[in-house]
Structures are given as C-alpha cells and as structure tokens.
Amino acid sequence: MYLTKEEERIYDGEYGWAKQVCMRILVKLGELFNASRLIPIEAAHVSGVSYKTLGDAPVDFLEALANSGEKTVVEATLNPQGLDPSHLAGRLPESLVKNQLKLCLLFEKMGFKTSYTCTPYYIKKPRKGVHMAWAESSAVVYANSVLGAWTNREGGPSALAAAIIGKTPNCGVHRAENRKPQIMVEVKARLEKDVDYGALGIFLGNILEDKIPLITGLGRPTLENLKQLGAAMASAGMINIFHHKDKIETKQKPPEKITVDSRDIKETLEELTTTSTPKPDLVFIGCPHCSSGEIREIAEKIGNRKVRTDLELWICTSHHVKEKTRRYTQKIKASGAKIITDTCAVVTWTDKLGIKTIMTNSAKAAHYAPIMNKAEVKLASLEECLKTALEK
Ligand code: F3S
C-alpha cells in the first residue's frame, strides 16, 4: 500500500503514539482489503458509543487517546449512546449512568460532535460523491444508496482512526467498480405498509449476504421507506449499498435474479414477531431515528389522543430533529408519549426498566431486540403501533 512521506512519518510515530496507532489501524485495514492508498474523507461517524454495546474493554484505550490531545480533523459525529438525558438517566442504575457519561466525555474531548444519532444525515446531508468513513450500518447503506455518498461500513475503531487522521483506505465501495449491482431482485409483492419495506430488507439481508442488489418493483417508496429497507437489509446481511429502479435496460441487468413475493414478506413479518400480546410494555417508534417528516406524521396521527397508562410509547430521534420540530414534539408529548433523544430502545437498558415486551414498526429493531433487549417482540405498522399505544 502506497503511503505519502507524511503518512509514513505518522506511521513511524514521528507525530506521537496516538496518531501512529490510528494510522496503523487504517493501513492494516487497507492491506487486508487490497487498498492501494489512503484517500481524504469529509466526515466520520463512530458507532459503539453506548456503554451497553461497548463494555469496559476499550475504555482504557479511549481514555489514553483522549488524553493524548489528538482531535478529530473532519466532521465527526457519534451514534446513539445508552442514555436519554430527560427520561431515562434517572431510571437506570447509577453505575451504568456514570460509565456512560464518562465515555461521552472522552469522545467529546477528542472533538466529536455530541450528535448521538444513527441518522447523522439529518444533521448535515453529505454531498453526492464525497468519501466518508461511517460506522452504523443503517447510515452507511442510506448514504451510499439514497444520498450517493461513498462510505464503507466501518467498525467503531476504524471510523475513530479515520476521524483523527482524516483519511480512509480506498477499498470496498470507495471504488466505482465495487458499487455495481451483482444481482437483480424483482419485488412482486405489494408493499402496502411502512413495515413491509423493513420485512423486505430482512428477507434480502438473509439471502443476499453481501451481494449488491438492483431492486425493481418498489413502486414509489418514500425516503423513510428506503431508510427502513436499507437498515433492515444491513442488519440481517452485510449489504452496504443497494440500487433501485423501475425501468431497467437489458444491458444493465445483472446475470443473477431472484423474485420476492407476498408470501416472503408475510413469512418474514411472522418470523420477526415472537409475541401476540395485546399489551406490550413498550411501543417503540424511531429505529433508525425519526426524520422531521416522521415526527410530523406521528403528531398528526396521534391527534388529541392519549397514551394508555399501562404502557410506554417512545418516539426516538436526535436532539437536532427534536429541536427542529418543536411544534410537533410538544403535541406528541401532550399525549403522554416520550420523545427519546440521544439513544434508542435497542442500545439502552430496557431490561433494567422492567420492559419485557416491545412492539415496533422497525424490522431492524425487531431483529435485534430478542438478543439485545432480552424482550419478546411484536412487529407491526406505524398505524397499528399507535393504535395499540393510544387510548380508544
Ligand atoms: Fe438507530 Fe438504535 Fe435502530 S441506533 S438504527 S435506532 S437500533
């Protein structure tokens, strides 16, 4: 792998151990995936910020890195952490809160923006064609497939290293030849509800592994439908990018083809649902974090109704979107629902809050909750989730 003279000096430790370690992480990764050089990036996004998912092992390293004085050199954002300052911090064990806050301070010290969201593209939309180093699979697939930015699916450490060096290896989907569709997916099922897009994503993630699909038959999906599709696909499989078109010329067609029918969607929805309880402990909307449009839609759908007193309704989003949509979030709050920011039901400790059953409209959340939350799950459309959560 070619390194410039400057990069070599960093690699050899002339700029201190912290930069050296970061450069070595990037070079190792580049060598593993046949990169020829490092390329500059415009942004980095680090996952593994929640103490629940990170644990204690990397804390000493992060502490040493933060104390080294090295700072991020590009737009650097953070994935959700384990706490919501308004609603959850006071309900969780003190030791978890303390450890989580310590982690957040370390990232802040390194210059990261305290975004705490899996939808950093709602804070600053990346331009088409820019190179980035984002971790958080749902954001990566959205950036590549919907926004036209270029990012591999980084791990927490490589995104952190890229944020400090400002570069990433030119491998994977940073190369045009690796972004081409490899398999055609003809969707014959009618995708009628929001949740059907997530179910399609899980179905495809399970069978495609890392093959890049060219999907036809989606009709006119909204950006939020595509967000659900990509998030689910990336959680069940290793897909970083998908293409979708309704009219495809023969010469554009990849050689392999599969079809998806209504039965595949129905079976996937059933497989992701593990309980038929009419009263979940928690109804969770906002995985990935809600957009402004989703917040408005939820407020309008709730209207003047109230949340039942025997369950909780969480609407998860970033504090950035919450501030932008105050008019609607106030309406949502008046119903008794909680606008949860900076975290989500999956990466906070719902088990410590006594939550044993979760209803959600997110296939990604339904895919993870049985393990991450030790919870039974019911997957249903936004409409049905709200109907369950609200008084008649
Ligand atoms: Fe985001 Fe949490 Fe879902 S981090 S993508 S809301 S699991």
Side-chain angles (χ1 to χ4, degrees), residues 1 3 7 10-13 15-35 37-82 99-100 102-118 120 131-141 143-144 150-174 210 234-235 238 240 346-347 372:
M1 191 171 155
L3 294 183
E7 288 163 356
I10 299 174
Y11 188 91
D12 291 336
Y15 292 84
W17 75 268
K19 273 196 166 166
Q20 182 182 33
V21 169
C22 292
M23 181 58 90
R24 290 195 170 205
I25 290 173
L26 298 179
V27 171
K28 191 92 215 147
L29 197 69
E31 283 171 352
L32 219 56
F33 292 99
N34 296 322
R37 63 191 172 93
L38 294 174
I39 48 170
I41 52 165
E42 283 200 7
H45 179 78
V46 165
S47 63
V49 181
S50 165
Y51 178 62
K52 175 179 165 183
T53 53
L54 196 67
D56 287 312
V59 174
D60 286 348
F61 170 69
L62 287 174
E63 199 159 17
L65 202 57
N67 290 336
S68 75
E70 288 304 338
K71 300 254 188 265
T72 58
V73 294
V74 291
E75 164 93 9
T77 44
L78 294 170
N79 226 30
Q81 48 136 324
N99 287 331
Q100 179 63 70
K102 179 179 167 184
L103 262 179
C104 292
L105 283 177
L106 294 178
F107 283 114
E108 273 180 57
K109 199 167 171 181
M110 287 184 254
F112 281 90
K113 285 195 171 155
T114 54
S115 52
Y116 301 126
T117 182
C118 46
H131 292 274
M132 314 191 294
W134 278 11
E136 174 46 45
S137 61
S138 69
V140 167
V141 73
N144 282 315
W150 296 35
T151 173
N152 280 324
R153 178 175 178 159
E154 302 292 338
S158 62
L160 175 60
I164 287 182
I165 299 293
K167 293 181 181 178
T168 195
N170 73 333
C171 50
V173 296
H174 288 291
D210 62 352
S235 59
M238 284 306 293
N240 295 336
V346 175
V347 302
M372 292 285 290

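Side chains are part of it too, since the values below use all heavy atoms of this structure and drop only hydrogens, waters and symmetry mates. Just so you know, residue 1 is the first one in the sequence shown, and it goes up from there. Worth saying up front: this structure is predicted, and the values here are computed from it rather than measured.
Between G156 and A135, the shortest heavy-atom contact is N-CB, 4.4 Å. Across every non-hydrogen atom of P58 and G55, the tightest pair is CD-O, 3.8 Å. Summarising the geometry of G48 relative to L54, their closest heavy-atom pair is O-CD1, 3.3 Å, with the distance given to 0.1 Å. The shortest non-hydrogen separation linking A163 to A44 is CB-CB, 3.6 Å. Across all their heavy atoms, E70 and Y15 have their closest contact at OE2-O, 3.9 Å. Here the shortest heavy-atom pairing between A162 and A133 reads CB-CB, 3.5 Å.
Residues M110 and L62 have side chains in contact (heavy-atom distance under 4.5 Å, counting atoms from C-beta outward). For the pair L65 and L160, the minimum side-chain heavy-atom distance is below 4.5 Å. Between E154 and L29, the closest side-chain pair of non-hydrogen atoms falls below 4.5 Å. In this structure, F61 and V21 have side chains that are in contact, with non-hydrogen atoms separated by less than 4.5 Å. Side-chain contact between T114 and F107 is absent, with no heavy atoms from C-beta onward closer than 4.5 Å. The side-chain heavy atoms of H45 and M132, taken from C-beta on, include no pair separated by under 4.5 Å. Residues L103 and V49 are not in side-chain contact: their nearest non-hydrogen atoms beyond the backbone lie 4.5 Å or more apart.
Here the NZ atom belonging to K102 is positioned 9.0 Å from the OH atom belonging to Y51, to the nearest 0.5 angstrom. Interatomic distance, I10 CD1 to I165 CD1, rounded to the nearest 0.5 Å: 5.0 Å. To the nearest 0.5 angstrom, L32 atom CG is 9.0 Å from C171 atom SG. L3 CG to K167 NZ: the interatomic distance, rounded to the nearest 0.5 Å, is 9.0 Å. The CZ atom of F112 sits 6.0 Å away from the CD1 atom of I164 when rounded to the nearest 0.5 Å. Rounding to the nearest 0.5 Å gives a distance of 11.5 Å between CE of M1 and NZ of K28.
A distance-only check finds a donor-acceptor pair linking the side chain of T151 to the backbone of W134 [under 3.5 Å]. Not one N or O on the side chain of Q81 forms a donor-acceptor pair closer than 3.5 Å with the backbone of S50. Side-chain N or O atoms of K52 include one that pairs as donor or acceptor with a backbone N or O of M372 at under 3.5 Å. Although no hydrogens or angles enter the test, the distance criterion places no donor-acceptor pair under 3.5 Å between the side chain of K109 and the main chain of K71. A donor-acceptor pair is defined here as one N or O able to donate and one able to accept, closer than 3.5 Å; no such pair exists between the side chain of E136 and the backbone of L78.
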For this session: Test E7 against R37 for salt bridge (charged side-chain N to carboxylate O under 4.0 Å, His left out), laying out the working first.
Result: CA-CA 10 Å; E7 288 163 356; R37 63 191 172 93; over 6 Å; no

Exercise. Checking side-chain contact (heavy atoms from CB on, under 4.5 Å) for the pair I39/T168: CA distance, chi angles, key distance, verdict?
Worked result: CA-CA 6 Å; I39 48 170; T168 195; 3.9 Å; yes

Problem set entry | Trace of the side-chain contact (heavy atoms from CB on, under 4.5 Å) decision for Y11 with Q20 | CA-CA 5 Å; Y11 188 91; Q20 182 182 33; 5.9 Å; no

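Results of the side-chain contact (heavy atoms from CB on, under 4.5 Å) test with S115 over V46, N79, T77 single out T77 as the only residue that passes.
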